[in-house]
Amino acid sequence: MPTLIVHGGAGADPADGRDELRAGVRAAVTAGWRVLGDGGRAVDAVEAAVRALEDHPRFNAGRGAVLTAAGTVELDASIMEGDRLRCGAVGAVRGIANAVTLARRVMDDGRHVLLVGDGALQFARAAGMPECDPTSLVTERQRLRWLDRERTAGAAGTVGAVALDRHGTMAAATSTGGIAGKLPGRVGDSALIGSGTYADSTLGGVSCTGDGEAIIRVVLARCALDYLKEADDATYAAQVAVDLLVDEGQGHGGLILLDWRGRTGYAHSTPLMPVGVMSPALPEPRVEF
Ligand code: ASP
């Protein structure tokens, strides 16, 4: 049964603006479901859902991404299709509004899995992808946050999606501006297949969010699927994986998971992680947090 699950990042409770987060996640699920519910491919659905959140200024991806220590926007994204383990990713890329689509181009091109920095931008140009003025991705909200780092540290906003289509193909994607105040050139888990994103159509798909360095240390996305293989319970696997992140990785965060039957699971160790789900069993997108 086709199913889509979307997250809007693990982090602190923003106290205000919850309705905006909820509406943003709902719109992303709707965008992804337009593809999936119509019989489209899982990989197209996760790209559409993530693009919707990249375009939403309230989330930490695309426009609205957090700023580096230098006050710039550098984006990480990855995408994976689980039939033949095809995948693509970009790290520390500037001047591209939809990093997930650039990751998709890397995947479709097939020569490499991960391109970073200027090389990723050159590839985008050669692929004819639209570029943007890097400063157009900087929102007033993030500029103020950069000026006053302490006050708003830890807010949520990385985005991700996992989908299963009617052909039984699984796909997952993640996109982020990373962590606020990161050093220019830092690449986090969201660009790393196995850590931030993974999809295997025989098992399931995962998108992670949270402390990137900790997620990388425990290779969280792939581990979550190993737990799923052992326990055959998506919610349990997600929870055990988050426990691993906290205990072994010494970090916080969360993940969404979808198994090969279309069962969803998610867990987080942070106060907040917006999640949206849609399947033929639901009358409309269900947003939970
Ligand atoms: N995992 C992302 C990173 O470390 C940040 C986040 O999910 O909030 O780049």
Side-chain angles (χ1 to χ4, degrees), residues 5-14 21 24-25 28 50 53-54 56 58-62 64-69 72-80 89-94 99-100 103 114 116-117 120 137 141-142 145-146 149 152-162 172-198 206-224 238 241-242 244-246 249-257 266-275 289:
I5 181 166
V6 170
H7 74 77
D13 191 331
L21 290 177
V25 169
V50 167
L53 291 167
E54 287 177 333
H56 194 303
R58 184 60 185 75
F59 293 87
N60 173 19
V66 299
L67 306 189
T68 67
T72 53
V73 167
E74 292 190 359
L75 303 171
D76 294 344
S78 56
I79 190 164
M80 185 162 188
V90 291
V93 67
R94 296 173 65 173
V100 72
L114 172 62
V116 301
L137 302 176
R141 183 172 164 272
Q142 292 296 357
R145 187 178 172 201
W146 181 70
R149 240 160 271 168
T152 51
T158 288
V159 305
V162 186
T174 311
S175 182
T176 189
I179 51 172
K182 67 183 184 180
L183 292 178
R186 179 260 190 190
V187 174
D189 63 292
S190 309
L192 300 184
I193 297 297
S195 292
T197 304
Y198 205 79
V206 178
S207 171
C208 301
T209 167
D211 296 331
E213 281 69 13
I215 293 171
I216 293 168
R217 275 185 215 114
V218 300
V219 200
L220 189 61
R222 178 62 224 191
C223 271
V242 168
L244 174 79
L245 174 66
V246 173
Q250 307 283 311
H252 285 282
L255 60 90
I256 53 173
L257 191 150
Y266 65 88
H268 51 102
S269 65
T270 52
L272 181 101
M273 188 178 79
V275 172
F289 73 96

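Read the numbers this way: they start at 1 and go in the same order the structure lists the ligands and their atoms. The structure presented is a predicted model; accordingly, all values stated were derived computationally and were not measured. Index from 1, following the sequence.
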Atom 1 (N) of ligand 1: which of V187, L192, I179, D189 has the nearest heavy atom?
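Of the listed residues, D189 has the closest heavy atom.
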Return the option from A191, G210, A180 holding the heavy atom at the smallest distance from atom 5 (C) of ligand 1.
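Among A191, G210, A180, the closest heavy atom to atom 5 (C) of ligand 1 comes from G210.
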Does an N or O from G212, backbone or side chain, lie closer than 3.5 Å to an N or O of ligand 1?
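Right, the criterion is met.
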Please say whether T176 places an N or O atom under 3.5 Å from an N or O atom belonging to ligand 1.
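N/O-N/O distance under 3.5 Å: no.
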Report the relative orientation of the aromatic rings in H56 and F59; use parallel for angles under 30°, tilted for 30 to 60°, perpendicular for over 60°.
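Answer is perpendicular, since the angle exceeds 60°.
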With sequence neighbours excluded, tell me which residues meet side chain to side chain donor-acceptor pair (under 3.5 Å) with R222.
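Scan of R222 (side chain to side chain donor-acceptor pair (under 3.5 Å), adjacent residues dropped) gives D226.
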By number and element, which atoms of ligand 1 are closer than 4.0 Å to a non-hydrogen atom of T209?
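Counting atoms of ligand 1 from 1, those under 4.0 Å from T209 are 6 (C), 7 (O), 8 (O).
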Which ligand 1 atoms does T158 reach within 4.0 Å, using its non-hydrogen atoms?
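Counting from 1, the qualifying ligand atoms are 2 (C), 5 (C), 6 (C), 7 (O), 8 (O).
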Does the side chain of [X] come under 3.5 Å of the side chain of [Y] through a donor N or O and an acceptor N or O?
X	Y	value
H252	T270	no
S175	E54	yes
S207	T174	yes

Under 4.0 Å, heavy atoms only, figure out whether ligand 1 is touched by the backbone of H7, its side chain, both or neither.
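Neither part.
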Does K182 have a non-hydrogen atom less than 4.0 Å from ligand 1?
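It does not; every heavy atom stays at 4.0 Å or beyond.
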Of all pairs that satisfy side chain to side chain donor-acceptor pair (under 3.5 Å), the ones with a partner from residues 208-217, not counting sequence neighbours:
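Every pair satisfying side chain to side chain donor-acceptor pair (under 3.5 Å) with a residue in residues 208-217: R186-E213.
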